[in-house]
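Report on one structure; see the data block that follows.
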Amino acid sequence: MMRELTPNAWLVLLCGLVLLLAGVARAEDRPNIVFIIADDLGYTDLGCYGSDFYRTPNLDRFAGQAMRLTEGYANCANCAPTRAALMSGMYAPRTGVYTVGNAERGRARGRMLIPTTNNDTLDPGVVTLAEVLNAAGYTTAHLGKWHLGEPGTSAGPLAQGFDLNVGGNHGGSPRSYFSPYRNPALEDGPVGEYLTDRLTREAVAFMSQQAQSDQPFFLYLSFYTVHTPIQPEPTRVDSIQQRQPGERHRHVKYAAMVEAMDHYTGRVLDALDDLGLADNTIVIFTSDNGGHGSFTDQHPLRGSKGMFYEGGIRVPLIVRWPGVTKPGSECDEPVLLFDFYPTLTAAAGGELPADQPVDGVDLGPVLRDPGATLGRDAIYFHFPAYLQGYAGGEGSEAQRPPWRATPCSVVRSGGWKLILYYETDRVELFNLADDPSEQNDLKGTNPAKAMEMLTKLKLWLQQTQAPIPTERNPEFVP
């Protein structure tokens with residue numbers, strides 16, 4: 001026979017029920033997160049960022065529903081370091097992921113210094129964004145490019161906080177955009193199936209499943225496109241060939257890659273609407289670095305993928321957060337992709353790791369008010385490695401630079417940017433507010449500002465214990 005509860009017991013039970021219901025309500029209120037990252041998409045490759053040839057109606061429409069950030073930065077000028085920063089919330093000196101593959105890229109006789117040894121995987125001990133969100137009750141899915149460790153190991157997506165991995169391996173580019181894919185983390189589809197289409201269908205299937213669940217979800221849709229090989233869907237090429245070339249953009253097959261990416265991104269956005277999820281889902285669209293210089297042009301920005309001029313590191317960045325971002329708004333505050341680590345953690349009601357540095361900052365203030373600032377003094381880049389000029393693509397060997405990047409560090413503070421090159425301790429100083437194309441080196445006319453920026457940079461290098469290449473390469477031929 002059940003005992004009769006005392007008044008105090010009833011009170012405790014009632015309080016517990018209220019807390020339980022409040023917890024359920026909070027879980028339901030937490031937004032889903034869809035983070036879409038393209039690979040090697042240039043800053044001006046979208047219509048809403050100024051392309052005069054590529055057509056991107058879906059992302060242009062999305063930008064009208066969202067906030068467009070005009071000074072969004074990848075954390076590096078190439079793939080893996082940006083992805084390591086995004087997943088860890090930390091600058092490169094803390095992860096040791098500085099470049100793709102070996103830091104000794106290019107001809108040995110042209111390298112003046114011995115570069116820092118590069119980590120080509122994200123340390124399994126790092127608490128990733130996916131792990132933080134998973135601990136906060138989110139179902140997590142990784143679809144597409146991982147580039148931070150082999151699947152099935154402690155550095156693969158499933159060991160780094162993702163409940164599902166489709167296509168994520170240690171490779172930086174697909175062997176083919178058409179099935180058979182020869183991807184150990186992706187089952188082949190019918191012969192000729194297109195990779196970007198396949199990843200989109202997997203994303204829609206995941207969201208459809210999650211729409212029936214009480215749990216919020218984090219979908220990291222990491223398209224391989226528009227990375228080489230340039231293999232567009234043939235049906236898109238013919239109509240583009242009939243189009244008048246732009247002044248800056250005119251590569252037909254690359255245009256077809258960009259436009260396919262836009263089409264499939266539009267299908268993801270449409271699925272959110274169809275599933276009734278759009279009003280409670282944060283959607284972020286961006287790229288992991290600047291566009292490939294053999295196929296596209298970042299004008300008016302200088303440089304391209306692999307370079308630490310603006311064209312190599314500034315990327316399109318669009319954020320739609322219902323109830324937070326204002327449709328059609330723009331923000332010119334400099335932000336880095338790893339800022340989404342604390343931003344999304346806060347949105348999810350999660351907790352940042354207690355014993356791991358978080359270098360990113362919560363973007364909430366500027367997402368709510370595009371005129372606000374983050375109160376951050378500067379942003380930084382560190383690249384103690386070499387990256388050779390483009391191989392393949394367009395242009396003769398003589399037209400390509402021998403190096404896209406030599407060992408360097410970068411600081412941007414306000415409208416000012418300084419690059420320090422370690423081979424000769426040379427610096428370049430630019431006022432981006434007046435000179436976004438970085439054509440006028442002002443270190444000679446403004447030595448005080450150059451010294452101020454250099455001091456700021458060196459202090460940060462000390463604080464992060466960044467390794468500085470100093471040893472001469474015995475194989476170097478001046």
Side-chain angles (χ1 to χ4, degrees), residues 27-28 30-39 58-59 61-62 87 128-131 133-134 136-147 151-152 156-169 171 174-226 233 235 257 259-286 320 322 344 348:
E28 291 175 348
R30 287 178 297 171
N32 304 306
I33 301 165
V34 175
F35 196 112
I36 305 173
I37 184 167
D39 195 352
N58 293 289
L59 283 162
R61 182 173 63 251
F62 175 59
M87 282 293 115
T128 68
L129 174 60
E131 289 175 302
L133 295 176
N134 202 249
Y138 278 63
T139 302
T140 55
H142 175 277
L143 307 182
K145 178 171 173 174
W146 177 241
H147 207 191
L158 295 180
Q160 293 279 41
F162 287 100
D163 299 311
L164 172 69
N165 173 42
V166 178
N169 60 53
R175 294 186 177 183
S176 173
Y177 276 97
F178 298 94
S179 183
Y181 302 115
R182 293 176 291 164
N183 181 330
L186 180 63
E187 183 178 347
D188 287 332
V191 173
E193 176 189 69
Y194 197 59
L195 178 58
T196 314
D197 183 4
R198 168 67 176 280
L199 292 176
T200 299
R201 286 188 284 108
E202 296 279 1
V204 172
F206 171 77
M207 294 191 301
S208 299
Q209 183 179 33
Q210 294 307 306
Q212 310 305 316
S213 170
D214 293 331
Q215 280 188 296
F217 65 84
F218 170 46
L219 170 61
Y220 181 52
L221 178 53
S222 179
F223 282 131
Y224 280 97
T225 200
V226 290
E233 294 168 295
T235 54
M257 297 278 284
E259 294 179 19
M261 178 220 51
D262 175 79
H263 169 77
Y264 292 113
T265 299
R267 278 181 37 186
V268 173
L269 296 172
D270 288 344
L272 286 170
D273 289 331
D274 295 342
L275 294 167
L277 297 172
D279 289 342
N280 192 39
T281 301
I282 300 170
V283 182
I284 301 154
F285 178 87
T286 191
R320 187 179 73 188
L344 297 178

Closest non-hydrogen atom pair, Leu133 against Ala348: CD2-CB, 3.5 Å
ring-ring contact (aromatic ring centres under 6.0 Å, His included) partners of His142, counting only residues at least two apart: Trp146, Phe162, Tyr220
Decide whether Tyr181 and Glu193 meet the rule of one side-chain donor and one side-chain acceptor closer than 3.5 Å. yes
Within the distance-only criterion (no hydrogens, no angle test), does the side chain of Thr128 pair as donor or acceptor with the backbone N or O of Gln160 below 3.5 angstrom? yes
If every non-hydrogen atom of Leu219 is compared with every non-hydrogen atom of Ala203, which pair is closest and at what distance? CD2-CB, 3.9 Å
Do Glu233 and Glu259 touch side chain to side chain, with heavy atoms closer than 4.5 Å? no
Expected output: side-chain Thr140 to main-chain Gly161 donor-acceptor under 3.5 Å: yes
Please test Leu195 against Leu186 for side chain to side chain contact (heavy atoms under 4.5 Å, CB included), starting from the C-alpha separation and ending with a verdict. CA-CA 10 Å; Leu195 178 58; Leu186 180 63; 3.6 Å; yes
Are Pro31 and Asn280 packed together at the side-chain level, in the sense that at least one heavy-atom pair is separated by less than 4.5 angstrom? yes
Shortest non-hydrogen contact from Val34 toward Met207: CG2-SD, 4.1 Å
Side-chain heavy-atom pair Phe35, Leu344 within 4.5 angstrom cut-off: yes
Any side-chain heavy-atom pair from Phe217 and Leu164 closer than 4.5 angstrom? no
His147 side, atom NE2; Met87 side, atom CE - distance, nearest 0.5 Å: 14.5 Å
Verify, without hydrogens or angle tests, whether Asp188 (side chain) and Ser179 (backbone) share a donor-acceptor contact under 3.5 angstrom. no
Rounded to the nearest 0.5 Å, what separation is found between the OG1 atom of Thr225 and the CG atom of Asp262? 11.0 Å
Can you tell me how far CZ of Arg267 sits from OG1 of Thr196, rounded to the nearest 0.5 angstrom? 10.5 Å
Quick one: OG1 on Thr286 to CD1 on Ile36, what's the gap to the nearest 0.5 Å? 11.0 Å
Roughly how far apart are Asp214 CG and Thr139 OG1, rounded to 0.5 Å? 10.5 Å
Are Pro151 and Leu158 close enough that some pair of their side-chain heavy atoms sits under 4.5 Å apart? no
If you take the centroid of each ring, where Trp contributes its six-membered ring, are Phe285 and Phe62 closer together than 6.0 Å? no
Are any side-chain N or O atoms of Tyr264 and backbone N or O atoms of Leu199, one a donor and one an acceptor, separated by less than 3.5 Å? no
Between Leu269 and Arg320, does the side chain to side chain contact (heavy atoms under 4.5 Å, CB included) criterion hold? Intermediate values first, please. CA-CA 11 Å; Leu269 296 172; Arg320 187 179 73 188; 4.3 Å; yes
Under 3.5 Å: donor-acceptor pair, side chain of Asn183, backbone of Gly167: yes
Which atoms form the tightest heavy-atom contact between Glu131 and Ala159, and what is the distance? OE2-O, 4.0 Å
So among Pro174, Ser176, Pro180, which one has a side chain to side chain contact (heavy atoms under 4.5 Å, CB included) with Phe178? Ser176
Looking only at heavy atoms, what is the nearest atom pair of Tyr224 and Gly168, with distance? OH-CA, 4.5 Å
Under a 4.5 Å cut-off applied to non-hydrogen side-chain atoms, are Met261 and Leu59 in contact? yes
A side-chain contact here means heavy atoms from C-beta on lying under 4.5 Å apart; do Tyr138 and Asp163 qualify? no
Apply side chain to side chain contact (heavy atoms under 4.5 Å, CB included) to residues Phe206 and Val166 and explain how you reach the verdict. CA-CA 11 Å; Phe206 171 77; Val166 178; over 6 Å; no
Stepwise side chain to side chain contact (heavy atoms under 4.5 Å, CB included) test for His263 and Thr200: CA-CA 10 Å; His263 169 77; Thr200 299; over 6 Å; no
In this structure, CG of Leu143 is separated from CZ of Phe223 (nearest 0.5 Å) by 9.0 Å
